[in-house]
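Chain identifiers are assigned alphabetically (A, B, ...) following the order of the sequence lines, protein sequences preceding nucleic acid strands; residue numbering begins at 1 within each chain. All of these numbers come straight from a predicted model, not from anything done at the bench.
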There are 2 protein chains.
Amino acid sequence: MQPYILIVEDEDALATLLEYNFEKEGYEVAIAIDGEEALVMAAERTPDLILMDWMLPKLSGVEACRRLRRRKETQATPIIMLTARADETDKITGLDYGADDYLVKPFSIPELFARTRALLRRAKPSLLEDVIRQGSIEIDNKAFRVKAGEKEVHLGPTEFRLLDHFMRHPGRVFSREQLLDAVWGRDVYVEARTVDVHIGRLRKALKKNVEIDPIRTVRSAGYAFETAAS
Amino acid sequence: MQPYILIVEDEDALATLLEYNFEKEGYEVAIAIDGEEALVMAAERTPDLILMDWMLPKLSGVEACRRLRRRKETQATPIIMLTARADETDKITGLDYGADDYLVKPFSIPELFARTRALLRRAKPSLLEDVIRQGSIEIDNKAFRVKAGEKEVHLGPTEFRLLDHFMRHPGRVFSREQLLDAVWGRDVYVEARTVDVHIGRLRKALKKNVEIDPIRTVRSAGYAFETAAS
DNA sequence: GTTCGTGTGTCAGGAATATAACATAATTAT
DNA sequence: ATAATTATGTTATATTCCTGACACACGAAC
């Protein structure tokens with residue numbers, strides 16, 4: 001399951017930018033534009049992490065933060081504060097009131113990602129798990145192992161990255177060019193047809209253990225990974 | 001179909017950069033190098049969004065913007081202004097003259113994407129939607145799948161694009177020529193009657209699962225997609 | 001009934017993909 | 001270092017599936 005993040009930010013441009021980037025990174029995102037709405041939305045569905053602006057209409061970020069901490073569901077939910085002021089007082093106060101981390105605007109998106117990951121790893125390690133399973137196929141990024149139907153499968157590095165990429169985006173169709181970008185790398189010059197060959201090799205390797213072919217060919221579009229379940 | 005964006009920018013390097021990035025993001029891109037060309041190209045094919053430089057040869061961005069607003073087709077088309085000057089006056093003027101948003105150079109590509117998405121979501125939500133449902137028929141552009149009455153339907157690439165086009169404009173009647181333009185592409189020479197054949201194939205594929213025919217034939221005019229609901 | 005426009009079956013040609021074979025590069029073992 | 005092994009990218013060939021065109025049948029409009 002992809003982590004569900006609640007962004008609480010009243011400035012439209014920033015909210016949109018954050019939404020875009022987090023969605024791209026594979027998170028599920030919801031936006032609240034003030035503290036009150038944040039409380040309502042957090043109650044509706046408990047987020048895995050909250051990104052909260054310090055200054056908010058109706059209910060300040062600090063106050064919203066405090067109230068979230070009083071509820072059982074959101075008591076341990078990681079909260080990152082976004083603040084425009086850089087002074088030390090805010091920092092202390094922010095952390096006192098229950099934020100787990102804070103960032104001073106303007107901040108870099110990669111840094112925000114890094115902190116987000118760090119907090120999620122602490123709070124919900126399973127969400128960032130390196131092991132992904134789809135149907136009877138399992139891929140372990142840490143151990144660089146692939147299992148299909150209980151038995152271990154040996155893949156070359158390229159096929160491994162290919163499968164990994166597919167399994168992180170199940171169901172979605174990727175063109176050969178997209179796969180080259182994502183799996184081979186941006187500035188590598190490789191024939192598009194080469195993708196076919198690796199798809200074939202991946203299929204052959206998986207077929208040894210699993211009956212059905214998890215890779216779907218979409219004529220004139222590319223390939224997609226999917227199990228019967230999806 | 002993927003959103004069609006018109007980029008109006010005379011600086012070659014920037015235009016190419018934008019083109020590259022937007023295409024990669026899945027947009028269809030056209031480039032105009034001055035205000036006049038922009039007007040011509042926008043008339044030829046109405047863009048879903050326009051990215052316009054403030055400073056342009058022949059016809060300034062502001063003026064081009066004003067003229068686009070006077071035409072019915074582009075009256076509601078979102079326009080994002082790109083300006084090198086950061087002063088407040090420009091900002092006001094730009095928005096006064098009809099731009100929906102503006103960015104000051106240098107801007108970050110992700111932010112531009114974010115704003116683009118935000119404007120498109122407001123103006124043409126269906127363009128960003130991956131899954132469209134009409135009655136008992138569902139089409140998924142990301143996964144390239146079609147379901148009719150719970151069951152999966154297999155379509156060839158052309159039939160898929162045809163159905164996609166219909167479902168994004170439910171109820172509207174398209175002539176064979178319009179369909180050839182939209183589905184086959186502008187510069188393809190194909191017999192108009194071929195559309196009939198593909199309509200037939202699409203109907204046959206859908207009929208397997210759904211009783212009623214969602215495609216209406218409009219004698220001497222063309223075809224339209226509509227479900228009982230509409 | 002005649003005319004015009006549309007539905008459908010068929011077919012050849014072509015486009016896209018799968019597969020096998022090979023040469024080369026990279027990695028690992030000795 | 002050298003040899004052995006494995007992985008990689010390309011090309012050629014086989015195969016599958018799609019496409020566009022045509023002919024004829026059918027049905028609506030007048």
Side-chain angles (χ1 to χ4, degrees), chain A residues 144-146 152-166 173-208 212-226, chain B residues 144-146 152-166 173-208 210-226:
Chain A
F144 282 87
R145 286 168 175 282
V146 176
E152 180 115 351
V153 176
H154 177 79
L155 295 180
T158 307
E159 278 96 54
F160 186 90
R161 290 199 306 276
L162 187 57
L163 178 61
D164 182 57
H165 182 252
F166 271 130
V173 174
F174 294 98
S175 70
R176 292 174 176 69
E177 286 70 26
Q178 288 177 317
L179 289 172
L180 285 174
D181 267 8
V183 176
W184 275 256
R186 225 149 244 276
D187 31 39
V188 181
Y189 169 66
V190 172
E191 284 293 319
R193 292 260 133 250
T194 301
V195 175
D196 296 30
V197 178
H198 282 272
I199 290 279
R201 286 172 182 155
L202 181 53
R203 276 178 169 148
K204 198 159 103 185
L206 294 175
K207 193 158 61 182
K208 286 182 182 167
I212 52 162
D213 182 6
I215 298 173
R216 179 166 62 105
T217 302
V218 182
R219 200 160 229 267
S220 82
Y223 300 93
F225 178 95
E226 47 205 12
Chain B
F144 280 80
R145 284 170 170 286
V146 175
E152 177 114 24
V153 176
H154 178 80
L155 296 179
T158 307
E159 277 95 54
F160 186 90
R161 290 198 306 275
L162 186 58
L163 178 61
D164 183 57
H165 182 253
F166 272 129
V173 177
F174 294 98
S175 70
R176 291 172 176 71
E177 285 70 25
Q178 288 177 317
L179 289 172
L180 284 175
D181 266 8
V183 177
W184 275 256
R186 346 210 89 241
D187 31 39
V188 181
Y189 169 66
V190 173
E191 282 294 318
R193 289 302 311 277
T194 300
V195 175
D196 295 30
V197 178
H198 282 272
I199 291 280
R201 285 173 182 154
L202 182 52
R203 276 177 168 149
K204 196 159 104 187
L206 293 176
K207 192 158 61 183
K208 286 182 182 166
V210 190
E211 344 58 58
I212 52 162
D213 181 7
I215 299 173
R216 181 165 59 101
T217 302
V218 182
R219 215 180 153 78
S220 79
Y223 299 93
F225 178 95
E226 45 202 15

Nearest whole angstrom, please: distance from the [atom2] of [N] to the [atom1] of [X].
| X | N | atom1 | atom2 | value |
| --- | --- | --- | --- | --- |
| B:Ile215 | C:dG7 | CD1 | C1' | 13 Å |
| A:Asp196 | D:dA12 | CG | P | 15 Å |
| A:Glu191 | C:dA23 | CD | P | 19 Å |
| A:Leu155 | D:dT6 | CG | P | 15 Å |
| B:Lys207 | C:dT8 | NZ | P | 6 Å |
| B:Phe174 | C:dT6 | CZ | P | 17 Å |
| B:Arg161 | D:dC18 | CZ | P | 13 Å |
| B:Glu159 | C:dT8 | CD | P | 14 Å |

Closer than 4.0 Å, any side-chain N/O of [X] to the OP1 or OP2 of [N]?
| X | N | answer |
| --- | --- | --- |
| B:Thr217 | C:dG7 | yes |
| B:Arg203 | C:dG7 | yes |
| A:Arg193 | C:dT17 | yes |
| B:His154 | D:dC18 | yes |
| A:Tyr223 | C:dA18 | yes |
| A:Trp184 | D:dG9 | yes |
| A:Thr194 | D:dT10 | yes |

When rounded to the nearest 0.5 angstrom, what distance separates CZ in B:Arg176 from CZ in B:Arg193?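 Reported to 0.5 Å precision, the distance equals 6.5 Å.
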
Could you tell me if the side chain of B:Val188 sits less than 4.5 Å from the side chain of B:Leu180, heavy atoms only?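 SC-SC contact between B:Leu180 and B:Val188 ruled out.
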
With a non-hydrogen cut-off below 4.0 angstrom, is A:Gly200 in contact with a base, only sugar-phosphate, or nothing?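 Nothing: the residue A:Gly200, judged by heavy atoms under 4.0 Å, touches no strand.
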
With A:Arg219, which residues qualify under salt bridge (charged side-chain N to carboxylate O under 4.0 Å, His left out), at least two apart?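 Scan of A:Arg219 (salt bridge (charged side-chain N to carboxylate O under 4.0 Å, His left out), adjacent residues dropped) gives none.
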
Which listed nucleotide (D:dG20, C:dA20, C:dA18) is nearest to the side chain of A:Val197?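 My answer, after comparing the listed nucleotides, is C:dA20.
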
Measure from the side-chain heavy atoms of A:Arg219 and tell me the nearest of D:dT19, C:dA15, D:dT8.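 Taking heavy atoms from C-beta onward, the closest nucleotide is C:dA15.
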
Taking N and O atoms by type only, does the side chain of A:Arg201 place a donor or acceptor under 3.5 Å from a partner on the base of D:dG9?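 Such a pair exists between side chain and base.
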
Side-chain-base donor-acceptor pair under 3.5 Å for B:Arg176 and C:dG5: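 Under the 3.5 Å cut-off, the side chain and the base do not form any donor-acceptor pair.
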
The criterion is side chain to side chain contact (heavy atoms under 4.5 Å, CB included); which residues satisfy it with A:Ser175, sequence neighbours excluded?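 Partners of A:Ser175 under the side chain to side chain contact (heavy atoms under 4.5 Å, CB included) test: A:Glu177, A:Gln178.
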
So A:His165 and A:Phe174, would you call those rings parallel, tilted or perpendicular, with 30° and 60° as cut-offs?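 If you compare the ring of A:His165 with that of A:Phe174, the planes turn out tilted.
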
N/O donor-acceptor pair under 3.5 Å between B:Arg161 side chain and B:Val183 backbone: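 Yes; judged by distance alone, with no hydrogens or angles, the pair exists.
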
Return the angle between end axes of the helix from C:dG1-D:dC30 to C:dT30-D:dA1, with five pairs used per end and rounding to 10°.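 That helix gives 30° between its end axes.
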
Minimum-distance pair of heavy atoms, taken over all atoms of A:Phe225 and A:Phe166: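 Taking A:Phe225 first and A:Phe166 second, the nearest heavy atoms are CB-CB, 3.4 Å.
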
Verify the neighbour count for atom CZ of B:Arg203: are there more than 12 heavy atoms of other residues, nucleotides or ligands below 6.0 Å?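 Yes - once you tally the heavy atoms of other residues, nucleotides and ligands closer than 6.0 Å, there are more than 12.
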
